[in-house]
Structures are given as C-alpha cells and as structure tokens.
Novice: 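This is the structure, below, for whatever I ask next.
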Amino acid sequence: MKIYNSKTRKKEEFVPLHAGKVGIYACGPTVYDFFHIGNARPFIIFDVLRRYLESIGYEVTFVQNFTDIDDRMITRANEEGITVKELAERNIKEYFIDAKGLGIRPATVHPRATEHIPQIIALIEKLVQNGLAYAQDGNVYYRVHAFSGYGCLCGQKLEDLESGARVNVNEQKEDPLDFALWKAQKPGEPAWESPWGLGRPGWHIECSAMSMEYLGETFDIHTGGKDLLFPHHENEIAQSEGATGKPYVRYWMHNGFINIDNEKMSKSLGNFFTVRDISAQYDLENVRMFMLSAHYRSPVNFSREMIAQAASALERLYGARDQLAFLKNSAEDRKPNEAEATLIAEADKALVKFDAAMADDLNTADAIGTLFELVREIFKLPQAGVSMQAIDKAEQAMLHMTDILGLLMKKTDDVPPEITAMLKERETARKEKNWKRSDELRDAVLAAGYILEDTAAGQKVRKSV
RNA sequence: GGUGCCAUAGCCAAGUGGUAAGGCCAAGGUCUGCAAAACCUUUAUCCCCCAGUUCGAAUCUGGGUGGCACCUCCA
C-alpha cells in the first residue's frame, strides 16, 4: 500500500515496523460536547484505513484518545454546574452513539488523558532532564529552540514560525513558541499532584504519552486533521523524540477540511453542525457515503444537496444488494452460462481494481467507482433463473468492497407477517385485475416503510433506507 | 510576511504523458395494468487562462487568474 506521508510530502510504500502488524494513533475528540461534522471526517476515513489494512492481512492496533481535560472542558463543566469528569463521561457515551451511526468501529483502545497522568509526568520529567523543558511557577514549558528538528513536520523554519507567531503576553516563557507541557492549577480547576505542584497536563503532551504507552516509542501511522499538523503534531514529535531520542512516527496522515455551503464551518457563522444535529434529519450512513466520495486529503463541501446525492447513490447500492438476495429465490444450481461467466470475470476484475484504488493512498472515490461498475453488471442479470455460482460471486465481491468502506450497514430485515399478508392479498387482487385494491395495498406497504416492486418473478419487497 | 493545497460536464468526483471512470440530476425510449426498480440512448472534441517541452499533455515546465488552508489548544 502507498500512503501519502505529510512529513515527506510524498506517497511512500507502506512498510510496517513489525511484519504483519500495524500500530495507528488517531487524534480523538475533546469531549466537551457532541462531536461535529468536521470531526466525523477523520473518524470515518481512518476507520476505513483500519478496515482496509485488516482486509489485506494486517493485525491493526488502533488507538484513539479522548481528551477529557482542557480549557474547554473546564469552562463547559462550570457552565453546566457539573464536574469535568461528569461532562467527559456523558460525552464519551454520546460519542459512541454517533460513531456507531456513522459506522465507525470502536478503537482497540480509547485512552483518556486523565487516566494517564503518571505517564505524562514521567515524560515531562524526561524532557526536563534532557534540557528540553523548564519549570516556571508551577508551569512547565517546552524549550522549542533546544530541539533541533523543530519544524520538520510542518516544513517551516523556526524564524518563519516566529515571525508569524502572535505576540505573546506570557512572560514566563523563554520564547513565544515554547508551549505548555504542564499547567499550574488555577482556582477551581481540577488538578493532579506533580513534581511542579498541583496542575494538569497541556494538550500536546497527552498524545505523546498515550500513543507511546500503547504503541511503543516508534510506531507506524499517526492520523488527524490537517490543522493538527501545526502545532499539535509538530509538538508531539518534539516531545516524543526529545524524550526518547528515537523516531516517533513513520507515516503521518492528515485529512482535509469540511466546508459548509462553501464557507468555513464556525460557530460565529452559524453553520456549525454536530453529527447529532444531522442525525435528526438524515440517516448517518449518508454522511459516511458522502465523506468517502472524495479523496480524504481534498477539502470537501458539505451541504444538503451533497447528502441527497449520497443518499441516492446509497439507494442504488442497496438495490443491487437486495436484487442479489431476490435472485437467490429462483437461482439455478448449474454451471454459469456465457453471460454469467462474464459477470464472474467482471467481479474478479472489480476486486482487483478496488484493492488497487484503496492501496493508492486510500482512494475511496476511485474505489467506489469500481463498486458501481459491479453494480451495473449485477442489474444486467435476468430477473430469474440465474446460476447460483454467479450470484454468490457477485455477492461476495460486493460484500468485500462494502465491508471495507463500511457501507451497507443495514441488514435486510425479515419481512414482518402483516406485510407478508398484504403481499398475499395483493397477489390475489392482481390476478383478479383488481387494480384499485392492488394499489391501495402497495401504498399501505410503502407507508409501513417497505418498497414494493413487481417483477417477472413476482413481487419484490425491501425495507426502505 | 512565511508555508502549503486546489481549479475536470448542471452538481459531486476519479484520472499525474497516450487520447476523459463512477455517482447524482435532466431528456427520450424499453419494460409495467399503472408504478417502482432496472436497462438502452443523449449530456465535457475537451479538463481556469497564456506560453513552452514532447510524436503526443487534463496530466510535465514557466507565467498569470481565481479559490482555500496553516502559522491562534479548531478535525
């Protein structure tokens, strides 16, 4: 597989540190609220990365943290009159609800910052020992100038970063670029004991501590949004490599941003959507389909129209899946004929093309194109009497692709008896050419959430998506 | 000021040297009791503009124009 490595700015052949195994660290949400549509993109994209790597035989350890202590957490908890811990617990529960709706599997480990304070402190102490950090009145800062590689990820020189840096009012720092590793407790804030007094960890240090705790001092892939490149990920490198003297991450992957109706999503513009907001109006699988329809590094524009397009495309996919299930009812146990043999060959070709697209830096848009080429072949089959071998092959190929993409999550439910009864009555009505009754029944079935189609092989029903 | 990204049909989007995937929408047709779904046909002689390299460029180079992002604990 080739991965675009943000650090080298090139596509590189992916070679894991340990044969057959991959360690991935994904920057997770700060759990002060429901997560928003912008958070959803990396969660979905890198869930697909994980699924793909597993599909080609890797054993993947996927670590995604919850940031459960920071300024926003404290502010929000105060506003609501609850503890930071209570706020975190609640929103972590909510995270899993939305993640499930989006088809995002739980990570192998979901570490929380507040549960790794000893590791964080140990790491800071190491940095102090190495001369890379200094304490000031209970705060500890990273001495950016002392780390020679600073700026290697974002490709900026130290001077350039400084010329762009906002004027800093914090006179405790030796340099404006220095960043906090440990923050002294302010009145009313949660705090932990440390060699520098009561306080709490800075943001960047938690990811260094937790990633290395679960994946080792050097690991394979670190993911996150493009905006995290600087300063968050740059700082992680400075912290981890400054402490261990070893390379930290081998491949950095960053996803592009989501705009809303061509504008940057922001609370002030009022175009800020949480996934929970959207789930009230749309099935979240549409959101997943939308996210996968463009390359993960491109910026993408989110709008109602885009969701509608994704929904229609998804509908076609479900139609093809259900068509295969329907064909099984009349399948014939015989050798494939010429047309069916062609389908089987096409399915094999599609699988190869699909995997090649995914192996090319996770080109999901191209991969979906291949999936739809197979869908077209499936719909070209006759309505009845198809060779079981051909059906099985098409189904297996389609499942392979949709499993990796995490699509087609809805199972075809068994049709409930009341619907079956209506279908039976309608069949009789149709035989008697009682079109009025027949249409009434079709409307009733539709109202119950099922789509009814008449085919040469009889009535076909499926749950609407 | 520093750094980086992008520009393909009505909409979305793949394609990084060999003559424009796929999806959505639209129109006409086939099928159907009518539908629905599906299928067939139509929909970019051309990929922001201008030069250049090449037998050949959407794809490479240079220059424009337009849009976006990071340098602010925002994915």
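A note on names: the letters A, B, ... follow the listed sequences, proteins ahead of strands, and every chain is numbered from 1. Here the structure is a predicted model, which means the values were calculated and not measured.
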Novice: With respect to the side chain of A:A313, which nucleotide from B:A21, B:C12, B:C24 is positioned closest?
Specialist: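 Nearest to the side-chain atoms of A:A313, counting from C-beta on, is B:C24.
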
Novice: Can you check the distance between B:C49 and B:U59, where both ends of the measurement are the P atom (answer in whole Å)?
Specialist: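 Comparing P positions in B:C49 and B:U59 gives a spacing of 10 Å.
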
Novice: State whether the distance check finds a donor on one side and an acceptor on the other, under 3.5 Å, for side chain A:S438 versus base B:G33.
Specialist: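 Indeed, a donor on one side and an acceptor on the other fall under 3.5 Å apart.
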
Novice: Could you tell me which nucleotide pairs with B:C68 by Watson-Crick or G-U wobble geometry, both distances under 3.5 Å, or answer none if nothing does?
Specialist: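 Checking every strand shown, B:C68 finds its partner in B:G4, with both distances under 3.5 Å.
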
Novice: For A:K460 and B:A37, what is the distance between atoms NZ and P respectively, to the nearest whole Å?
Specialist: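 Atom NZ in A:K460 sits about 11 Å away from atom P in B:A37.
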
Novice: Between A:H36 and A:F273, does the ring centre distance come in under 6.0 Å?
Specialist: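 No.
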
Novice: Give the nucleotide from the list B:G2, B:C74, B:A37 with an atom nearest to the side chain of A:R72.
Specialist: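 For the A:R72 side chain, the nearest candidate turns out to be B:C74.
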
Novice: Heavy atoms from C-beta onward define the side chain here; which of B:C70, B:C11, B:C39 lies closest to that of A:F379?
Specialist: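 That would be B:C39.
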
Novice: Testing the basics here: between A:F257 and A:R41, what is the closest heavy-atom pair and its distance to 0.1 Å?
Specialist: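 Heavy atoms of A:F257 and A:R41 come nearest at O-NH2, 3.2 Å.
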
Novice: Please check if the distance between the ring centroids of A:Y141 and A:F179 is under 6.0 Å.
Specialist: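 No, ring centres 6.0 Å or more apart.
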
Novice: Is A:K460 positioned over the aromatic face of A:F326, cation under 6.0 angstrom from the ring centre and no more than 45 degrees off axis?
Specialist: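 Relative to the ring axis of A:F326, which defines the angle, A:K460 lies inside both limits.
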
Novice: Is there aromatic stacking of A:W435 against B:G33, centre distance under 5.5 Å, plane angle under 30°?
Specialist: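 By the stated criterion, A:W435 and B:G33 stack.
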
Novice: Can you tell me how far C1' in B:U8 sits from the matching atom in B:C46, rounded to whole Å?
Specialist: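 Nearest-Å result for B:U8 against B:C46 at atom C1': 9 Å.
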
Novice: Could you state the atom-to-atom distance from CG of A:N255 to C1' of B:C68 in whole Å?
Specialist: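 Answer to the nearest Å: 15 Å.
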
Novice: Of all the choices, B:C12, B:G22, B:A13, which nucleotide is nearest to the side chain of A:A294 once you look at every atom?
Specialist: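 Among B:C12, B:G22, B:A13, the one nearest the side chain of A:A294 is B:A13.
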
Novice: Given that both distances must come in under 3.5 Å, which nucleotide forms a Watson-Crick or G-U wobble pair with B:G17?
Specialist: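 Answer to the pairing question: none, since B:G17 forms no Watson-Crick or G-U pair.
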
Novice: Locate the shortest heavy-atom distance separating A:V144 from A:L177; write the atom from each residue and the value.
Specialist: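 For A:V144 versus A:L177, the nearest heavy atoms are CG2-O, 3.4 Å.
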
Novice: Can you identify which nucleotide, out of B:C70, B:G22, B:U3, has its nearest atom closest to the A:R9 side chain?
Specialist: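 Between B:C70, B:G22, B:U3, the one nearest the side chain of A:R9 would be B:U3.
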
Novice: For B:G10, give the paired nucleotide (Watson-Crick: N1-N3 plus N6-O4 or O6-N4; G-U: N1-O2 and O6-N3; both under 3.5 Å), or none.
Specialist: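 With both distances under 3.5 Å, B:G10 matches B:C24.
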
Novice: Tell me which nucleotide among B:G22, B:C34, B:G23 gets nearest to the side chain of A:R430.
Specialist: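 Nearest to the side-chain atoms of A:R430, counting from C-beta on, is B:C34.
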
Novice: Taking only N and O in the side chain of A:K353, is any of them less than 4.0 Å away from OP1 or OP2 of B:A14?
Specialist: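 No, because none of the side-chain N or O atoms of A:K353 sits under 4.0 Å from OP1 or OP2 of B:A14.
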
Novice: Between B:C11 and A:Q309, counting only base atoms on the nucleotide and side-chain atoms on the residue, is there a donor-acceptor pair under 3.5 Å?
Specialist: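 Yes, the side chain and the base share a sub-3.5 Å donor-acceptor pair.
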
Novice: Using the ring centroid of each side chain, check whether A:H110 and A:F62 are separated by less than 6.0 Å.
Specialist: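 No: the rings miss the under 6.0 Å criterion.
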
Novice: When the P atoms of B:U43 and B:U53 are compared, how many Å lie between them, rounded to an integer?
Specialist: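 Approximately 35 Å lies between the P atom of B:U53 and that of B:U43.
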
Novice: Verify the ring-centre separation between A:Y251 and A:H222: is it less than 6.0 angstrom?
Specialist: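 They do not qualify: ring centres at least 6.0 Å apart.
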
Novice: Using the C1' atoms only, state how far B:G56 lies from B:C48, rounded to an integer number of Å.
Specialist: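 Those two atoms are separated by 23 Å.
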
Novice: Nearest to the side chain of A:N363, heavy atoms from C-beta on, is which of B:G15, B:A36, B:C24?
Specialist: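 Nucleotide nearest to A:N363's side chain: B:G15.
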
Novice: Expressed as a whole number of angstroms, how long is the span from A:E234:CD to B:C70:C1'?
Specialist: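 From A:E234 CD to B:C70 C1': 12 Å.
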
Novice: With C1' as the reference atom in both, quote the distance from B:A9 to B:C24 in angstrom, rounded to an integer.
Specialist: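 After rounding to an integer number of Å, I get 13 Å for this pair.
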
Novice: Just by distance, no angles: are the side chains of A:R426 and A:Q459 close enough, under 3.5 Å, to form a donor-acceptor pair?
Specialist: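 Their side chains do contain a donor-acceptor pair, which is all the 3.5 Å distance test asks for.
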
Novice: Separation of A:H254 atom NE2 from B:C5 atom P, in whole Å?
Specialist: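 Spelled out: NE2 on A:H254 to P on B:C5 is 15 Å.
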
Novice: Could a donor-acceptor pair under 3.5 angstrom be found where the side chain of A:R442 meets the base of B:C34?
Specialist: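 Such a pair exists between side chain and base.
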
Novice: OP1 or OP2 of B:C12 versus the side-chain N and O atoms of A:N301: is any pair under 4.0 Å?
Specialist: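 Checking B:C12 against A:N301, no side-chain N or O comes under 4.0 Å of OP1 or OP2.
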
Novice: Heavy atoms from C-beta onward define the side chain here; which of B:C74, B:C12, B:C39 lies closest to that of A:H36?
Specialist: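 Among B:C74, B:C12, B:C39, the one nearest the side chain of A:H36 is B:C74.
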
Novice: Give a yes or no on whether a donor-acceptor pair under 3.5 Å exists between the nucleobase atoms of B:C34, that is its base, and the side chain of A:D454.
Specialist: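 Checked by distance alone, the answer is yes.
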
Novice: Quick one: which of B:U3, B:A75, B:A14 gets closest to the side chain of A:A365?
Specialist: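 Minimum distance to the A:A365 side chain belongs to B:A14.
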
Novice: According to a strict under-4.0 Å criterion, is A:K380 in side-chain N/O contact with OP1 or OP2 of B:C40?
Specialist: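 For B:C40, OP1 or OP2 has a side-chain N or O of A:K380 closer than 4.0 Å.
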
Novice: Both distances below 3.5 Å, Watson-Crick or wobble geometry, any strand: find the nucleotide opposite B:A44.
Specialist: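 B:A44 is paired with nothing.
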
Novice: Can you check the distance between B:G62 and B:C55, where both ends of the measurement are the C1' atom (answer in whole Å)?
Specialist: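 About 23 Å, rounded to a whole number of Å.
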
Novice: Rounding to an integer number of Å, can you tell me how far A:R462 CZ sits from B:A38 C1'?
Specialist: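 Atom-to-atom, A:R462 to B:A38, this comes out as 11 Å.
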
Novice: Would the base of B:G33 count as contacting A:D439 through its side chain, where contact means a donor and an acceptor less than 3.5 Å apart?
Specialist: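 Donor-acceptor pair under 3.5 Å: yes.
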
Novice: Side-chain N or O of A:R316 versus OP1/OP2 of B:G22: is the shortest distance under 4.0 Å?
Specialist: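 No, because none of the side-chain N or O atoms of A:R316 sits under 4.0 Å from OP1 or OP2 of B:G22.
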
